[in-house]
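Below: the structure, in structure tokens.
Note that this is a predicted model, so its numbers are computed, not measured.
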There are 2 protein chains.
Amino acid sequence: MSKDLTRRSEDYSKWYNELVVKAELAENSGVRGCMVIKPYGYAIWEKMQAELDRMFKETGHVNAYFPLFVPRSFFEAEEKNAEGFAKECAVVTHYRLKTDPNAKGKLMVDPEAKLEEELVVRPTSEAIIWNTYKNWIQSYRDLPILINQWANVVRWEMRTRLFLRTAEFLWQEGHTAHASKAEALEEAEKMLEVYAEFVENFMCVPVIKGFKTESERFAGADETYCIEALMQDGKALQAGTSHFLGQNFAKAFDVKFASKEGTLDYVWATSWGVSTRLMGALIMTHSDDNGLVLPPKLAPIQVVIIPIYKGEEQLEAVRERVLPLMATLKKQGISVKFDDRDTHKPGFKFNEYELKGVPVRLAVGQRDLENNTFEVARRDTLTKETVSGDSIVEYIEKLLQEIQENIYKKALDYRNAHITEVNSYQEFKEVLESKGGFIAAHWDGTTETEQRIQEETKATIRCIPLEAKEEVGVCMVTGKPSAKRVLFAKAY
Amino acid sequence: MSKDLTRRSEDYSKWYNELVVKAELAENSGVRGCMVIKPYGYAIWEKMQAELDRMFKETGHVNAYFPLFVPRSFFEAEEKNAEGFAKECAVVTHYRLKTDPNAKGKLMVDPEAKLEEELVVRPTSEAIIWNTYKNWIQSYRDLPILINQWANVVRWEMRTRLFLRTAEFLWQEGHTAHASKAEALEEAEKMLEVYAEFVENFMCVPVIKGFKTESERFAGADETYCIEALMQDGKALQAGTSHFLGQNFAKAFDVKFASKEGTLDYVWATSWGVSTRLMGALIMTHSDDNGLVLPPKLAPIQVVIIPIYKGEEQLEAVRERVLPLMATLKKQGISVKFDDRDTHKPGFKFNEYELKGVPVRLAVGQRDLENNTFEVARRDTLTKETVSGDSIVEYIEKLLQEIQENIYKKALDYRNAHITEVNSYQEFKEVLESKGGFIAAHWDGTTETEQRIQEETKATIRCIPLEAKEEVGVCMVTGKPSAKRVLFAKAY
């Protein structure tokens, strides 16, 4: 298998697109802006889903399912939310096609099957869910509601890129309802922590936790918390968001509850989501010019075993050697594949699994059989070792853990080396062009200055870090006072 | 909790609707024909999904994801399929809403954002998938493709009922591609077996395997295999279908492969699906006038423990007794809930868990503490026993298994008692009205006779059973010769 990947240094964006397709993760479909997630890509997403779902349930959440369609009148109800999503929504206007009398074998929209009220394909589900919660909530005894939904959503993006920005994408969206502001804030922060833990511990992608400026907030939120990651080309990627929605949706849908104290109050809300966009972050953070690099905890195949043989007899000897090892590994919860296809040469297979990011590759040849050894190659460092059959299981277990830690550390080192403090706008522009990454700078807190910076440099404020220390300073653009640094970057 | 359920004998249909809502499985949403699947209902669906997914993977299938939208031109390509679904499809015609200049705070479809080609919200995915497979298949080496997708689909049904028939529903759809007719037929039959095994062993719903008559086939299929179940009101319910699609979609999308022999042939296809409709079958097969009856293998809560106490001290004593038991049960993989809410009386709780179909209920009172006993109630028979604390774990394990077997047997007995052989059309009509159920009768094999029977009696041919024995007979309506009996019933 020839990999023929464009090198990252040559054209990072092209490298990414090629990698996604060649590693068989996803491809563009015949539908504008929509992707097909191929089995190998979907297997990674399934692993991500399983872990996240477990974490949501451990923190007290349950799953449910709400309609795909949002009637226009619900969609309109929360004004800011409607304004934010109206520009990019798919609208169902008819419920039937009929034979086109002017073209044989063709169909056309049946004008007699026009809906009285248009249906928006959900770009996010606050509206449809709060219209439902209205009937579920009467008293404080009905609260909190802690629900998550795994679903597809549609946002009619004009420029799409596999996983990073697609018209339809898969995600989970949590929607919670609370009796107090404090409790809702706590929930929004808790879920940010869950996301950060997942992205760092499973995806090996270090993140910075923060909150968004007003102009970058979710449409309809009072506060948007986020986790921001850094890709190898120095551009930032928003990996997850958790919104404190205040009472905005409760007011829009008139959802009140009788409090313990006997008052009638509006309900407090949060929503939070991560999507198949995380696949993009996973791919871009670790992969190299040879292909994908996957963290062992999310790799569909953790270990691949490739026989080096001549003739059926040698293959049979390898097989006898390998089968008990596979059984042992599987018992330890390690997913392993034995690739004994006789249609491809070992070198082809080596390339293929490198491209697909399989963390550990074992090769077994004639000499290994004689010496009771395995050749073990690790994907992250592309190094090899010869390991005795007596200790191979423990070796692999340890190695998988080591790879998980190593790729996190590598990404963390890169990220940390790409946070630059600057104190002037000139310096800011220089660093942005020469080095990229996050730039920590003082800002006067106004949307006006934020927009000016964006227009002049294409950099946006990725977040106001939760852990930003108080520091007396002045805005690098206007010279007005500032109390902490915020993080700028160009972003996906 | 007052259950206030309509009795089945009074109004079966009303009983069903009330049960679905009161047991908090699902409810109607603000969107015409679309339901909200509530957390308790979704938890059952998740268990069904997990088992099916495991079975699909064990039979060599992998998951993937294809777009929600089908461009009209793809949708048209397979003529019969298009004809079958055109009458009930949701159509996206625009990709933007804009402020309505004539109504403050209102939005309207933006006429400038009209799509060049309409998008059909998938009612099923053959069209979009075969348009994709076209690029994946060149040679026999690319075959078979064995893919499954978990997704939502939309069919604009005019009369909807929770779970049984909704405009949007959740399902899985397998789509496979093969090099030969025999292999495709084998796949379609294999998946029918998987469905039958799941529905019988996990849902405890006995099914009859068969194939559909031409007029009941999936639009675009050459053969539709099905499993048919019988509800307590004597009506049949189609629980799953597996289609042999022949080369119809390969021809529509021009998907050819180079065979081993060097010829260029059209690819053979199958598709197969089960949906949230299975929830309806599950509910209607087992439940009674007290509420839901769930098979232990699919119950989100298998055991509920309810303390009978006065004051905090007694509750604490019960808790001390119960916590170690819960830990042991959980270790055995049994899901258990301790309901120590002090806002509700035990009687209320008993009713609630009966309504929700929890298979086993334990009560622990003062006397049980003194005697080291538990009161164990089983949901299926509504009987109680006092069991010693020394053997409670084994008792529960055995009981769960027994309940699983018992409700299957009960459903099987009912089903078997409701298959009636008739030899005249008069007898057919009488049995249909008086007893319902499946009626095994001779039919002349024509669509004409089939339609006449349906018009006159509302009964349809549910299936031609795979195991129907050859038997010389004459059609009960026309007197023409017939070689085997087919199964008629009124159906959901």
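- The greatest number of non-hydrogen atom pairs below 4.5 Å with chain A, out of Cys34(B), Ala151(B), Ala90(B), is found for Ala90(B).
- Taking SG of Cys89(B) as the reference point, atom CG of Leu107(A) lies at 8.0 Å (rounded to 0.5 Å).
- Residue with the most contacts toward chain B among Glu118(A), Glu27(A), Gln149(A): Glu27(A) (heavy-atom pairs, distance under 4.5 Å).
- For a residue to count as touching a neighbouring chain, one of its non-hydrogen atoms must lie under 4.5 Å from one of that chain's; by this rule Lys57(B) touches chain A with the side chain only.
- When side chains are defined from C-beta on, Val91(B) counts as touching Leu97(A), because their heavy atoms get closer than 4.5 Å.
- For chain B, the nearby parts of Asn63(A) are the backbone and the side chain; heavy atoms of each come within less than 4.5 Å.
- The choice from Gly30(B), Pro71(B), Ala113(B), Ala43(B) that makes the most heavy-atom pairs within less than 4.5 Å of chain A is Gly30(B).
- For the set Val70(A), Val109(A), Thr93(A), the entry with the most heavy-atom pairs within less than 4.5 Å of chain B is Thr93(A).
- The shortest side-chain heavy-atom distance between Tyr42(B) and Val62(A) does not fall under the 4.5 Å cut-off.
- Crowding of Arg341(A) atom CZ: a count of heavy atoms from other residues, nucleotides or ligands under 6.0 Å exceeding 12.
- For the pair Val154(B) and Tyr95(A), the minimum side-chain heavy-atom distance is 4.5 Å or more.
- Looking at Glu88(B), the atoms closer than 4.5 Å to chain A (heavy atoms on both sides) all sit in the backbone: N, CA, C or O.
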Apply side chain to side chain donor-acceptor pair (under 3.5 Å) to Glu24(B) and Trp136(A), showing your working. CA-CA 11 Å; Glu24(B) 303 195 298; Trp136(A) 294 2; over 6 Å; no
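- The environment of Arg54(A) atom CZ is dense: over 12 non-hydrogen atoms of other residues, nucleotides or ligands sit within 6.0 angstrom.
- Contacts of Asp53(A) with chain B are made by side-chain atoms alone, with heavy-atom separations under 4.5 Å and no backbone atom involved.
- Interface summary for chain A: among Asn152(B), Asn131(B), Leu115(B), the most heavy-atom pairs under 4.5 angstrom belong to Asn152(B).
- When the candidates Arg96(B), Lys87(B), Glu117(B) are compared by the number of heavy-atom contacts under 4.5 Å with chain A, Arg96(B) comes out ahead.
- Between Leu68(B) and Leu68(A), some side-chain heavy-atom pair lies under the 4.5 Å cut-off.
- Lys38(A) touches chain B through backbone and side chain together, each having a heavy atom under 4.5 Å away.
- Only the side chain of Phe74(B) comes within contact range of chain A, with at least one heavy atom under 4.5 Å from a heavy atom of that chain.
- Of the atoms belonging to Glu83(B), not a single heavy atom falls under 4.5 Å from chain A.
- Between Glu168(B) and Phe66(A), every side-chain heavy-atom pair lies at or beyond the 4.5 Å cut-off.
- Contact annotation: the side chain of Glu76(A) approaches that of Lys106(B) to within less than 4.5 Å [non-hydrogen atoms, C-beta and beyond].
- Contact annotation: the side chain of Tyr65(B) never approaches that of Met35(A) to less than 4.5 Å [non-hydrogen atoms, C-beta and beyond].
- Neither the backbone nor the side chain of Ile129(B) has a heavy atom closer than 4.5 Å to any heavy atom of chain A.
- By the 6.0 Å contact criterion, CD on Glu112(A) is open, its count of non-hydrogen atoms from other residues, nucleotides or ligands being 12 or less.
- Side-chain atoms of Glu46(A) and Trp150(B) include no donor-acceptor pair closer than 3.5 Å.
- Looking at Phe75(B), only its side chain comes within 4.5 Å of chain A, counting heavy atoms on both sides.
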